[in-house]
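Computed over heavy atoms, backbone and side chain alike; hydrogens, waters and symmetry mates excluded. Naming: A, B, ... by sequence-line order, numbering from 1 per chain.
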Amino acid sequence: MSSEQRKAFPFSEFEPKWQGEWEASKAYRTPNPGDADFDASKPKYFVLDMFPYPSGNGLHVGHPEGYTATDIIGRFKKMNGFNVLHPMGWDAFGLPAEQYAIKTGTHPRVTTEANVANFTKQLKSLGFAYDWDREVNTTDPGYFKWTQWIFLKLYNSYVGDDGKAHPISELEAQGLSREEIDHRRLAYVSEAPVNWCPQLGTVLANEEVVDGKSEVGGFPVERRPMRQWMLRITAFAERLVSDLDGLDWPESIKMLQTDWIGRSEGAYVKFNVEWPTCNGKPSGNPWAPPTIEVFTTRPDTLFGAEYLVLAPDHPTSTYLTSWLTTFLHTWPKGISDKWKGEVTEAQALPGLAVQAYREQAMKKSERERQQEGGRHKTGVFTGLYARNPVAPSKLIPVWIADYVLAGYGTGAIMAVPAHDDRDFEFAQKFELPITQVVQPPEGKDWQGFTDNGMAVNSGFLNGLPTAEAKKKITAWLEEKGLGKGTTNFKLRDWLFSRQRYWGEPFPIVWENGQHRGLAESELPLLPPTLEDFKPTGTPEPPLSKATDWVQYSATAKRELNTMPQWAGSCWYYLRYCDARNTERFVGVEAEKYWMTGKCSVPSAQCSDSEKLSTPTLSTEHSAPKPGGVDLYVGGTEHAVLHLLYARFWHKVLFDLGYVSTPEPFQRLVNQGLILGEDGQKMSKSRGNVVNPDDVVREYGADALRLYEMFMGPLEQVKPWSMKGVEGVYRFLARVWRLVMEVDDEGVWSLSKALQDVPANKQLTKALHETIKKCGEDIEKLSFNTAISQMMVCTNAFTGAEVKPAGAIVTFLKVLSPFAPHLAEELNAQIRAKFPALAAKRFLSDETWPAYDPAALIEDEVEVVFQVNGKLRDKARVPIQATKEEIEKIALASARVQEFMEGKPAKKIIVVPGKLVNVVV
RNA sequence: GCCGAUGUGGUGAAAUGGUAAACACAGCGGACUUAAAAUCCGCUGGGAGGAAACUCCCUUGCCGGUUCGAGUCCGGCCAUCGGCACCA
């Protein structure tokens, strides 16, 4: 279709015009508490989009899906008397700009600025009611100054016994040593093994590694120990799970986070290893036999523990290997070769076999371990035995196997083959004993039964159901000092440093091998200017190339790592509340108002003290909500990472008294992915990508907005259809022609059918139904059904000879959140002839129309008559007809009588205004 | 394997336990036009009967249940998509 073709309505003229007017008059500026035009008597509504990474590709049609939804909500809430905060910004640090810099030498700042300019232009062409004065950019020094500031808060905090973050100064006051304090910081340095990606030249968080490859680029990732900054998110694991309860999030997302955090209750149990004896005497060595502490969720099965397993990289594995190599020169009698590992040459001695197995296991990458072949169980017997604490007479073998992970629990397990799938598989392979200790319900095999049942063969636990057995054994272990109840989490601490250039530098310097935070006054710490962004090829970050910058003082050097991209997005919603504040990351009053709705600053415009003392608060009478942002819309891809990290930071800031709510986001909605016309995921390689700019050029911004909402439910995955765009475009054209008509020259003028007359009964009903349904549907985010109702209404008006101008203006108010340009233009056209009927300024300044319930009521309704549940007849019945009257009419129906076949009615169900069902 | 979501016309979809398929797209027919586009009007789930008006039967992935009545509630399957995946 060529752009020469005459347009069905002149959107390409009036859309830019109104965008210009809105911008010039700051129509969507939102005043803050303390501003002259701030009205504290209004409730607040904070509606947030997940801010985009401004990529070089520009917007794709997935972006405007969520953005249109929030725009409609924001405009609707504003018309309903809310102070609406609806901002936009840029998550602009990140790898693509840096890799582009490596390729072309263009500084990431230049690329980022160009991309931001392009995104801004594109977003503005869609007519979103953002308050652009609040725009944030994570790469702006005025922004990342505060990202660094929050990092320092983490660095200078610890979690106390109350489970809350406290300033580190409390520990200093208690006289703790430097080392003890460093050990408790929420931001700490760790030497743990990390995911190193040579191609990207950086380490990655566990979450950024998918199937042993980097999530970005799909490059291989290897494990290697490196000195890294970690954030102690695990200290908040419990609260991150339990606080989900109060949030209006999709259950599936809550589930995803809960699973990710992976809370499980169980117990630690201590097993003592015994050195082998030689002719009844200890085999004569000075090393202490170790105690192996295991974590189990099934302490009730302790009597069934048949062997222990240590992770290959468990410290006790290392200790035992040394001991075996030094002291144990023989296997216990009668050990099968199977138990001695797969390396034949090493089977001669336990020390050799164990050493060979560990080397093999630790060489295996995460990827190899997860692949099919890597999943079959391997392991090696250490030649040593430990005592089961509940059955001291029983010695059980100690194994090393890589199906036990060092990073979870204690890195060691007690194996109960009868009631754990993995242990069962292992025991079968190595012919280890399998003892039943849980009695399953009738009809189930006890072998491999992992659910709850009743304890058997378990001494003092016998006969107890699993839950009670757990309690009893845990109490017993605690009493004897052999173990204790505990809770474990799958969640690991957050690896927070990256070896990249284009990220926030850490506000940290190193001196004499110790780290220290910069003073607040030294922020923001800008990255150095670099010509060469290439990774060094070693774990040394690119910032090391800025030799002057690195040298903080004669004796101190700067931290060379930068923060991950998640950092900036952890708190941007807070910055929106007060985006230009230079004194604080967010002003106290602004944060309090936008996050809680409470306002202690008087409205500047209302000077009478009576009004000041009684501000109406939106949250005052309802149950307090833990989350601050009223509605957060974005993709499911951030279900765990971003949303978990942001919640973590928010809780730290909450504990330290910097924010007012325990949670950031009250209501979360995930928009569904938009697929290409072929039903496949949009991608350049498939050639099915739809560019929103093209759609705007052909059909206009309103048509794009409307189509994105008309496609189907917001949360659903759905394919694009250009024919569908044309459909809503035709609808908009029909609305246009309610008001405008065209002459032979193609010049549009106000339609002569448009008159200042009241709408007739039928049109009034259609209009008020539309007001009602659209209002309700917007609240439910059911935009597709709201639009179809507007279509019904428009069709009714199209069929009318005379178009009642006042009713059409009311309709335009309802349409305006969806198609703001068209609604605004038609209102202005109507205003030229009927100034009294139209909105004075912008439709967004108008109040959402109220519907008249009386207008919805009809004199007669259609009632259907069923016989035995099958539809047989219908009749129009007066609305006020009684049950008895309706029943009489139904029974009088010839068709009803025909199908009753002369039988008497057994039962008659009458639903007034709906139906009559006669059962014979 | 485990957890979750979703299955309705040719297509996107709609339906507080009460007329299944609203609203659109595509298709077909008509009006307007020299013609086309645009626009407007009508038809459009399947099957059977009838010249026709019309009438009947079937239909919400499959099987069962609850109910006067089930797309909707319950139980069991199947398929597709998403997440997790040796977490003891």
Side-chain angles (χ1 to χ4, degrees), chain A residues 1 5-8 211 250-260 262-264 266 294-298 301 309 311 369-370 374-377 401-405 407-416 419-423 425-426 450 488-492 636-637 639-640 670 672-673 679 707 710-713 715-728 730-731 733-734 737 742 782 784-795 798-799 862-874 895 905-911 913-920:
Chain A
M1 192 180 293
Q5 190 189 321
R6 212 179 68 214
K7 297 181 166 66
D211 285 338
E251 283 306 315
S252 58
I253 299 292
K254 288 189 186 182
M255 201 91 65
L256 237 47
Q257 290 220 349
T258 307
D259 288 352
W260 189 267
R263 183 184 195 281
S264 55
V294 305
F295 170 70
T296 177
T297 54
R298 293 296 298 270
T301 61
V309 187
R369 289 195 44 179
Q370 285 173 6
R375 290 291 285 269
H376 70 252
K377 300 271 181 301
D402 69 358
Y403 81 92
V404 173
L405 308 175
Y408 182 75
T410 60
I413 62 152
M414 64 176 210
V416 184
H419 307 294
D420 179 282
D421 293 332
R422 298 146 301 187
D423 299 343
E425 188 192 333
F426 192 85
T450 57
N488 245 298
F489 297 91
K490 278 203 274 187
L491 184 71
R492 312 291 161 86
T636 343
E637 65 271 23
V640 272
N670 293 118
L673 195 66
Y707 175 64
F710 187 61
M711 288 172 84
E715 301 180 66
Q716 197 162 300
V717 179
K718 41 206 179 286
W720 187 267
S721 156
M722 265 321 173
K723 290 286 186 191
V725 182
E726 283 184 43
V728 293
R730 280 203 281 268
F731 159 66
R734 272 205 303 283
R737 288 195 307 269
V742 71
S782 179
N784 54 332
T785 52
I787 293 167
S788 50
Q789 179 58 40
M790 288 191 283
M791 288 173 168
V792 170
C793 186
T794 302
N795 291 345
T798 299
E862 192 178 59
V863 173
V864 299
F865 302 148
Q866 297 178 335
V867 178
N868 288 336
K870 289 201 175 175
L871 178 68
R872 295 305 179 186
D873 202 4
K874 333 176 169 185
R895 286 189 44 78
K906 258 193 245 165
K907 193 173 176 185
I908 301 176
I909 291 109
V910 181
V911 182
K914 286 272 183 191
L915 60 68
V916 178
N917 187 11
V918 183
V919 186
V920 295

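- Rounding to whole angstrom units, NZ of residue Lys718(A) and P of A13(B) are separated by 8 Å.
- Spacing of P atoms, C3(B) relative to A24(B), comes out at 43 Å, to the nearest Å.
- Comparing atom distances between the Ile413(A) side chain and each of G69(B), A88(B), C23(B) picks out A88(B) as nearest.
- Here the separation of U72(B) from G61(B), taken at their C1' atoms, is 16 Å to the nearest Å.
- Under the ring-ring contact (aromatic ring centres under 6.0 Å, His included) criterion, Phe426(A) pairs with Tyr307(A), Trp399(A), Tyr403(A), Phe430(A), sequence neighbours left out.
- Distance from the side chain of Ser788(A) is smallest to C23(B) among C23(B), C40(B), G69(B).
- Mapping Ile787(A) and Gly411(A) onto RNA chain B by nearest heavy atom places Ile787(A) at the nucleotide closer to the 5' end.
- Val864(A) comes within 4.0 angstrom of a nucleotide base, judged by non-hydrogen atoms across all strands.
- Here the separation of G71(B) from U59(B), taken at their C1' atoms, is 11 Å to the nearest Å.
- The side chain of Lys490(A) places no N or O atom within less than 4.0 Å of a non-bridging phosphate oxygen (OP1 or OP2) of C86(B).
- With values rounded to the nearest 0.5 angstrom, Phe295(A) atom CZ is found 4.0 Å from Asn488(A) atom CG.
- Once rounded to the nearest 0.5 Å, the distance linking NZ of Lys914(A) with CD of Gln866(A) reads 12.0 Å.
- As judged by a 4.0 angstrom heavy-atom cut-off over every strand, Asn784(A) is placed among residues touching the sugar-phosphate backbone only.
- In the set G18(B), A88(B), C40(B), the nucleotide with an atom closest to the side chain of Thr297(A) is A88(B).
- Leu256(A) comes within 4.0 angstrom of sugar-phosphate atoms only, judged by non-hydrogen atoms across all strands, and of no base.
- How far NE2 of His419(A) is from OG1 of Thr301(A): 7.5 Å, rounded to the nearest 0.5 Å.
- When the side-chain nitrogen and oxygen atoms of Tyr408(A) are compared with OP1 and OP2 of A88(B), one or more of them lie within a distance under 4.0 Å.
- Backbone-only engagement by Lys870(A) is indicated by non-hydrogen atom pairs under 4.0 Å involving sugar-phosphate atoms exclusively.
- Side chains of Asp423(A) and Met414(A) form no contact here, defined as non-hydrogen atoms less than 4.5 Å apart.
- Atom name C1', nucleotides A21(B) and U11(B): the rounded distance is 13 Å, in whole Å.
- If you take CD1 of Ile909(A) and C1' of U67(B), they are 9 Å apart, rounded to a whole angstrom.
- Because its glycosidic torsion is within 90° of 0, G9(B) is reported here as syn.
- When the P atom of G18(B) is taken as reference, atom CG of Asn868(A) falls 19 Å away, rounded to whole Å.
- One distance of note links CD of Gln257(A) with CD1 of Ile253(A); it measures 8.0 Å at 0.5 Å rounding.
- Counting to the nearest Å, the C1' atom of U19(B) and the CG atom of Leu915(A) are 8 Å from each other.
- Spacing between atom CE of Met414(A) and atom P of A88(B) amounts to 13 Å, rounded to whole angstrom units.
- Between U8(B) and C58(B), the two C1' atoms lie 15 Å apart (nearest whole Å).
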With 3.5 Å as the limit, what N/O pairs link the protein to nucleotides 53-56 of chain B?
residue: C56(B); atom: OP1; partner: Arg895(A); partner atom: NH1; Å: 3.2
residue: C56(B); atom: OP1; partner: Arg895(A); partner atom: NH2; Å: 2.2

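- Of the inter-residue distances, the one linking Met791(A) atom CE with Thr798(A) atom OG1 reads 11.5 Å to the nearest 0.5 angstrom.
- Look at CD1 on Ile908(A): it is 15 Å from C1' on G69(B), rounded to the nearest Å.
- Picking from C86(B), C68(B), A88(B) the nucleotide with the shortest atom distance to the side chain of Ser264(A) gives A88(B).
- Atom name C1', nucleotides A36(B) and A53(B): the rounded distance is 38 Å, in whole Å.
- If you check G4(B), A88(B), G18(B) against the side chain of Val404(A), the one that comes closest is A88(B).
- The CD atom of Glu251(A) sits 11 Å away from the C1' atom of G4(B) (whole-angstrom rounding).
- Comparing G69(B), A13(B), C84(B) by their nearest atom to the side chain of Gln716(A) picks out A13(B).
- Residue Lys907(A) places at least one side-chain N or O under 4.0 Å from the OP1 or OP2 atom of C68(B).
- Between the side chain of Glu862(A) and the base of U19(B) there is at least one donor-acceptor pair of N/O atoms closer than 3.5 Å.
- Put simply, the side chain of Lys377(A) and the base of C86(B) share a donor and an acceptor less than 3.5 Å apart.
- Here Thr636(A) contributes atom OG1 and Glu715(A) contributes atom CD; the two are 9.0 Å apart, rounded to the nearest 0.5 Å.
- Taking the side chain as every heavy atom from C-beta outward, Tyr408(A) and Arg492(A) approach each other to under 4.5 Å.
- In this structure, Met255(A) atom CE and G82(B) atom P are separated by 19 Å, rounded to whole Å.
- Only the P atoms considered, C57(B) is 12 Å distant from A20(B), to the nearest whole Å.
- Separating the P atom of G83(B) from that of C63(B) is a span of 32 Å, rounded to the nearest Å.
- Which of C58(B), A88(B), U39(B) sits closest to the side chain of Phe295(A) comes down to A88(B).
- At a threshold of 4.0 angstrom between heavy atoms, the contacts of Pro713(A) are confined to the sugar-phosphate backbone, with no base atom among them.
- Secondary-structure annotation of RNA chain B gives the stems B:1-7 with B:78-84, B:10-12 with B:23-25, B:27-31 with B:39-43, B:45-49 with B:54-58, B:61-65 with B:73-77, with a stem taken as at least 3 successive Watson-Crick or G-U pairs whose two distances both fall under 3.5 Å.
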Please tabulate, for the side chains in residues 718-725 of chain A, all donor-acceptor contacts under 3.5 angstrom to protein atoms that are two or more places apart in sequence or on a different chain.
residue: Lys718(A); atom: NZ; partner: Glu65(A); partner atom: OE2; Å: 2.6
residue: Lys718(A); atom: NZ; partner: Pro713(A); partner atom: O; Å: 3.0
residue: Lys718(A); atom: NZ; partner: Leu714(A); partner atom: O; Å: 3.2
residue: Lys718(A); atom: NZ; partner: Gln716(A); partner atom: O; Å: 2.7
residue: Ser721(A); atom: OG; partner: Lys723(A); partner atom: N; Å: 3.3
residue: Ser721(A); atom: OG; partner: Gly724(A); partner atom: N; Å: 3.0

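- With hydrogens and angles ignored, the 3.5 Å screen pairs no side-chain donor or acceptor of Arg895(A) with any backbone N or O of Phe865(A).
- Applying the salt bridge (charged side-chain N to carboxylate O under 4.0 Å, His left out) rule to Asp420(A) yields the partners Arg422(A); only residues at least two apart in sequence or on another chain are considered.
- In this structure, Arg737(A) does not reach the A38(B) phosphate: none of its side-chain N or O atoms is under 4.0 Å from OP1 or OP2.
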Going through the checks in order, is the side-chain contact (heavy atoms from CB on, under 4.5 Å) test met by Asp259(A) and Met255(A)?
CA-CA 6 Å; Asp259(A) 288 352; Met255(A) 201 91 65; 4.2 Å; yes
I need a per-nucleotide contact map over nucleotides 24-31 of chain B, read 5' to 3'. Cutoff is protein heavy atoms under 4.0 Å; write B for the base, S for backbone only, - otherwise.
SSS-----
